[in-house]
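Notes follow the structure.
Start at 1 and go down the list; that is how both ligands and their atoms are numbered.
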Amino acid sequence: MLHLQGLSKTYKTGDTALSDVSLTVPKGQIMGLIGPSGAGKSTLIRCINRLVEPTSGKVLLGDTDLVRLGKGDLRRQRRRIGMIFQEYALVERLTVMENVLSGRLGYVPFWRSFLRRYPPSDIERAYRLLDRVGLMEHADKRADALSGGQRQRVGIARALAQEPELLLVDEPTASLDPKTSRQIMRLLTEICSENNLPAIVNIHDVPLAQQFMQRIVGLRAGRVVFDGPPDQLTEAA
Ligand code: ADP
Ligand code: ADP
């Protein structure tokens, strides 16, 4: 479970991107984060994994307040958070399988995946994940030989390879066509419920969010202006 408590961020420039945001994402829930450009969506996601340092507030993942951790602890705790990106962030010259395995390392030194030997249990798990996202027969292809939708499937499998307790998903379909976008959103929602994973999905496509998210949080000028099921979403958000 993820619990944000009074999360605020004011950048050095004086821009207040988040004001006192509190919300809880229970296990298995996929939450869509919507709002106009500049509303604070990216800042919220980045404060959770501390790519951006919050000005105040708590980020509780289970019992751990990520905001209070020192560098070494933070590196360990970040492994509990799976990240999925708009532009996939795959290593192009590695194979699909190698990209998925690299999820076990966390996200910093990708190139180390060349050097590391993986235990058989990691490899078995990676094959299971590739099967789950429908890429089994592409396991040995280079990442740069895949379509956009296939690349995002690799991104999803890689995030799951690290056995995360939370998924943070930043505009996962912004580079995909509408049909592929729906397939990816369906896969993400299924995976969250199968694995009992909480997820926050930054998604600017409101109809897509309404179709797939169990819950929508609307941000505007750094504040939560809507929090509820998609069918109750009004113009206010
Ligand atoms: P969104 O993702 O909803 O478009 P952002 O989180 O990117 O919103 O931005 C929220 C506000 O914070 C905006 O006013 C933006 O200009 C500001 N902002 C974002 N990143 C920075 C930064 N690194 N430095 C200063 N201001 C920033
Ligand atoms: P997006 O909303 O797609 O994330 P943005 O234009 O908000 O794109 O942000 C692009 C990058 O610029 C981000 O790294 C963000 O943190 C940074 N940024 C956004 N607004 C500002 C700002 N006012 N000052 C400095 N950096 C900013």
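For the salt bridge (charged side-chain N to carboxylate O under 4.0 Å, His left out) test, residues two or more places apart in sequence or in another chain that qualify with D144 are R142.
Distances between N or O atoms of G38 and those of ligand 1 include at least one value under 3.5 Å. Residue N202 places no N or O, backbone or side chain, under 3.5 Å from any N or O of ligand 1.
Between R153 and Q183 the shortest side-chain heavy-atom distance falls below 4.5 Å. Looking at M1 and V25, their side chains never come closer than 4.5 Å, going by heavy atoms from C-beta outward.
Close approach of ligand 1 to S37 is summarised as follows: ligand atoms under 4.0 Å from at least one heavy atom of the residue are 4 (O). Close approach of ligand 1 to T43 is summarised as follows: ligand atoms under 4.0 Å from at least one heavy atom of the residue are 5 (P), 6 (O), 9 (O). Taking a cut-off of under 4.0 Å to the non-hydrogen atoms of A17, the atoms of ligand 1 that pass are 10 (C), 11 (C), 12 (O). The ligand atoms of ligand 1 that sit less than 4.0 angstrom from a heavy atom of K41 are 1 (P), 2 (O), 3 (O), 4 (O), 6 (O), 8 (O). In the vicinity of P36, heavy-atom distances shorter than 4.0 Å reach the ligand 1 atoms 3 (O).
In the candidate list G222, A39, G35, S42, S42 is nearest to atom 2 (O) of ligand 1, counting heavy atoms. Comparing D15, T13, L18, L219 against atom 14 (O) of ligand 1, the shortest heavy-atom distance belongs to D15.
Minimum heavy-atom separation, L176 to Y88: CD2-OH, 3.2 Å.
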**Asked** Under the side chain to side chain donor-acceptor pair (under 3.5 Å) criterion, do N99 and S102 qualify, and how do the steps go?
**Response** CA-CA 5 Å; N99 269 280; S102 76; 4.8 Å; no
**Message:** Let's go through Q29 and R215 carefully: what are the C-alpha distance in whole Å and the side-chain angles of both, what is the deciding distance for side chain to side chain donor-acceptor pair (under 3.5 Å) to 0.1 Å, and is it a yes or a no?
**Reply:** CA-CA 8 Å; Q29 183 177 74; R215 172 186 176 194; 2.8 Å; yes
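Using a 4.0 Å cut-off between charged side-chain N and carboxylate O, K41 and E171 make no salt bridge.
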